[in-house]
Amino acid sequence: MKISIVLLTLIIVNLSTASRILFLFPTPSKSHMIIVHALSTALAEKGHHVTVFSPFPLNKKINNHREFESPIRPELKELFRKFTTGEVSKFKMLFMFPKLGVQLAEDMIYTDDFQRILNERFDMIIIGLTANHFLLGFGEHFNCPTAMLSVQRHSSYTNIPVGNPIEINAVNHAFFPSGSLKNFIHRVQNFLAGVFDILMFAGIDYYEKLAYEKIFPSSRHRSYEESKSNISLVLVNDHFSEGNVRPNLPAVVEIRGIQVKEIPDELPQDIQKFLDDANEGAILFSLGTNFQTAFLSDNFVEMLMKVLSKLKQKVIMKWDSEINEKPENVMIKKWLPQDDILAHKNMKLFISHCGLGGIVESKYHGVTILGLPIFGDQEVNCNEIVSEGWSLQLNLKTITENELQNTINELLHNETYSNKVKKFSQLYQDRPMSPKESAIYWIEYVIRHHGAPHMQYFAVHQNFWQRTSLDVLAFLAICVIASFKLLKFVFKTLLGKLFKSKKTISVSKKTK
Ligand SMILES: *[C@@H]1O[C@H](CO)[C@@H](O)[C@H](O)[C@H]1NC(C)=O
Ligand SMILES: *[C@@H]1O[C@H](CO)[C@@H](O)[C@H](O)[C@H]1NC(C)=O
């Protein structure tokens with residue numbers, strides 16, 4: 001009896017604090033979903049009821065965590081595949097993406113699952129990725145606050161809607177590694193990159209507004225601008241300890257590292273034993289979830305195996321094709337628990353394609369990286385960690401045996417790199433709250449305070465001229481010019497009169 005009363009009160013308490021949270025992430029990026037799922041599962045563990053729409057549901061059953069697959073049209077699937085292999089350039093993708101992103105989100109809306117949940121109640125909607133702003137209209141539908149989760153670093157896409165300062169003069173654009181604003185030319189480049197962003201987002205906005213007005217016609221709904229300026233919270237995959245120091249509003253919360261488990265999961269037994277036995281240290285090799293090792297040339301694979309076979313270290317590889325002569329110190333697996341492996345004490349080096357996720361995990365655990373970027377933002381990520389001094393980079397297309405061997409040796413034996421990354425690792429872990437805790441805290445905060453309108457920055461209600469004070473400057477300039485003109489006029493007429501009278505006096509004197 002007593003126990004059931006305790007249980008009952010527990011359930012009631014749980015009910016009163018548990019919220020219903022909806023994640024809308026229709027853009028197809030598997031690696032980005034790692035961050036989304038890190039947050040969604042953490043919220044579910046905390047007792048909230050979470051619903052996630054994305055093209056990549058977790059194939060794991062988790063309490064309180066419901067997932068729906070959002071579709072990707074076959075032609076888009078093909079396009080993304082081509083982008084992954086480099087057949088479609090980044091530049092071209094950049095131009096195609098706005099329309100595609102909106103299409104993907106629209107396709108999600110018209111699924112039966114989505115139409116069904118429209119009748120449910122939600123306490124918060126979290127959207128993210130690019131070309132998804134128009135989904136903010138569902139905030140009005142569900143009468144709940146909205147938040148954004150940016151799986152990328154700070155960008156205009158998340159900064160502009162909430163009025164977070166862009167500070168183009170001192171905050172480097174994501175295109176450039178941090179600390180690159182020391183000379184004038186870099187500042188010019190940074191400025192141009194900032195302008196490029198603004199134009200690109202204006203382009204995306206055009207398609208988003210069309211979609212918004214189709215789904216939420218202005219006769220019955222808030223305007224697109226109103227929905228967009230009413231975002232309660234922005235969670236950003238960034239952290240100042242990495243060198244991107246910038247001013248942030250209270251509603252902009254940095255959560256970089258959220259996918260890293262503070263306590264690693266147990267490794268599969270064979271991997272655990274393999275790593276435990278690596279007395280000389282271990283190396284992890286992975287070119288990411290999207291890349292298929294079958295695309296690598298035979299020559300490259302042969303050369304790679306030759307170099308690895310000469311190492312004293314054990315090497316564990318994410319590899320999805322066959323290897324003819326696998327060296328003895330190498331273990332291959334189709335899938336690896338990367339994060340848990342990087343947490344192993346014998347880990348010495350990570351040979352990686354430089355996806356954002358892997359970099360964060362490596363940094364968190366203090367493991368140096370040899371970067372082999374393939375496409376997308378990997379090149380930028382790689383440049384950045386090389387300039388931070390704990391990584392080296394090689395070109396996958398031109399790499400030679402000597403280069404690979406020397407670079408691996410340098411990273412293993414020159415302590416400059418490992419000392420640097422260990423320092424980062426310490427700073428990373430020294431925070432008042434873990435990234436997970438702070439993301440959950442602020443989400444609950446916003447729900448508790450009904451959207452937390454008191455956190456909203458007034459700038460969201462201002463236009464470009466007002467935000468930059470250019471209207472005030474123009475007004476003051478007009479005032480100054482007008483007063484000068486007035487003064488000039490007054491002096492002229494006054495002096496003119498004086499002069500005239502003097503003149504007449506002198507004239508009259510002369511004529512005397
Ligand atoms: C802004 O969002 C809050 C909920 O977070 C809502 O109550 C309010 O009506 C919204 N205002 C506008 C103008 O959209
Ligand atoms: C170790 O690496 C640093 C940074 O690249 C370099 O300056 C230094 O000369 C290297 N030390 C040795 C012993 O090679």
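The figures that follow rest on heavy atoms only: side chains count, while hydrogens, waters and symmetry mates do not. Atoms within a ligand are numbered from 1 in the order they appear, just like the ligands themselves. For reference, positions follow the sequence shown, starting with 1.
If you check which protein heavy atom lies closest to atom 12 (C) of ligand 1, you get Asn230 ND2, 3.3 Å. For atom 5 (O) of ligand 2, the closest non-hydrogen atom of the protein is Tyr417 OH, 2.9 Å. Scanning the protein for heavy atoms near atom 13 (C) of ligand 1, the closest one is Glu226 OE2, 4.2 Å. The protein atom (non-hydrogen) at minimum distance from atom 10 (C) of ligand 2 is Asn414 ND2, 2.5 Å. Nearest protein neighbour of atom 9 (O) of ligand 1, counting heavy atoms only, is Arg222 NH2, 3.2 Å.
Of the N and O atoms on the side chains of Glu361 and Gln338, at least one donor lies less than 3.5 Å from an acceptor on the other residue. Side chains of His48 and Asn64: no donor on one and acceptor on the other come within 3.5 Å. For the residue pair Asp113 and Thr111, no side-chain donor N or O sits within less than 3.5 Å of a side-chain acceptor on the partner. A donor atom on one side chain and an acceptor atom on the other are found under 3.5 Å apart for His65 and Ser40.
Within ligand 2, the atoms closer than 4.0 Å to a non-hydrogen atom of Glu410 are 1 (C), 2 (O), numbered from 1 in the order shown. Residue-ligand proximity, Thr416 to ligand 2, at heavy-atom distances under 4.0 Å covers atoms 1 (C), 2 (O), 3 (C). Atoms of ligand 1 found under 4.0 Å from any heavy atom of Pro145, numbered from 1 in the order shown, are 5 (O). The Gly451 neighbourhood of ligand 1 comprises atoms 5 (O), with distances under 4.0 Å to a heavy atom of that residue.
Not a single heavy atom of Glu415 sits under 4.0 Å from any atom of ligand 2.
Note that atom 7 (O) of ligand 2 has no protein non-hydrogen atoms nearby, at separations under 4.0 angstrom. Of the protein's heavy atoms, at least one falls inside 4.0 Å of atom 2 (O) of ligand 1.
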Inset, instruction - Start with the C-alpha distance between Asn244 and His154, add both sets of side-chain angles, then the distance that settles side-chain hydrogen bond (donor to acceptor under 3.5 Å, both in side chains), and finish with yes or no. - result: CA-CA 9 Å; Asn244 292 314; His154 289 282; over 6 Å; no
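The cationic atom of Lys363 (NZ for Lys, CZ for Arg) lies less than 6.0 Å from the six-membered ring centre of Phe424 and within 45° of the ring axis. A cation-pi arrangement is present between Arg431 and Tyr428 under the rule of less than 6.0 angstrom and at most 45 degrees off the ring axis. Seen from the ring of Phe274, Lys314 counts as a face-on cation partner, given the 6.0 Å and 45° thresholds.
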